[in-house]
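Worksheet: the structure to be examined is printed underneath.
Below, chains carry the letters A, B, ... as their sequence lines are ordered, and counting in each starts from 1.
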Amino acid sequence: MAFWLFKTEPGTFSWDDQVRAGSKGEQWNGVRNALAQKNMRAMTRGDLGFFYHSVNEKCIVGVVKVVSGFHQDSTDPSGKWHCVDVAAVGPFPKPVTLAAIKSEPRLAGMVLVKNSRLSVQPVTPEEWDLICQMGGYGA
DNA sequence: GCCAACGTTGGC
DNA sequence: GCCAACGTTGGC
């Protein structure tokens, strides 16, 4: 079991869209970055991820689950790019903002802080637990 | 194969 | 809206 973080612009694909996709999920397509592709390739069904809204909101709003293996991105005519399917699991009672993450010393090493431009990122179990606590999620 | 130029992304 | 950081592209 591994943990990830998926970044999206709410104007393009928001948490509400993800919820609307239901338990079957939706392709996390449109990723055109080699490192993000590599991260998705490393995912397996059942992995969990944070759902992060960039731009105006800049906060983690919920948890998603990987519901497929790494497969062809149907929106890519060249067939070069792949993606996984993700489904909404549940919202954060209290969204965790980027500012909150940056002010937490234990999260200073997070990829989100160090490389904010990467759209699909790995999250360590320690980071996962801490952010879930901060968001009032689970437990 | 290397390096510079350019475009895009995202935080502020 | 601006600026900095990063990735990608193209010329050499």
Handout entry: Check: A:N29 side chain, A:T75 main-chain N or O, donor-acceptor pair, under 3.5 Å
Key = no
Exercise for the section: Determine the contact category for A:L35: base if any of its heavy atoms lies under 4.0 Å from a base atom, sugar-phosphate if only primed atoms, P, OP1 or OP2 are that close, otherwise nothing. Expected result: nothing
Exercise for the section: Using a strict cut-off of less than 4.0 Å between a Lys/Arg side-chain nitrogen and an Asp/Glu carboxylate oxygen, indicate whether A:D73 and A:R32 qualify as a salt bridge. Expected result: yes
Problem - Student check: side-chain heavy atoms of A:D47 and A:V84 closer than 4.5 Å - result: no
Practice task
Run through A:W28, A:F92, A:F6 and flag the one making a ring pair (Phe, Tyr, Trp, His ring centres under 6.0 Å) with A:F51.
Solution key: A:W28
Exercise for the section: Verify whether one side chain among A:Q27 and A:S74 offers a donor that lies under 3.5 Å from an acceptor in the other. Expected result: yes
Practice task
Can you check each nucleotide of nucleotides 2-9 of chain B against protein heavy atoms at under 4.0 Å and return B for base, S for sugar-phosphate only, - for none, in 5' to 3' order?
Solution key: ------BB
Handout entry: Under 4.0 angstrom between A:Y52 side-chain N/O and B:dG10 OP1 or OP2
Key = no
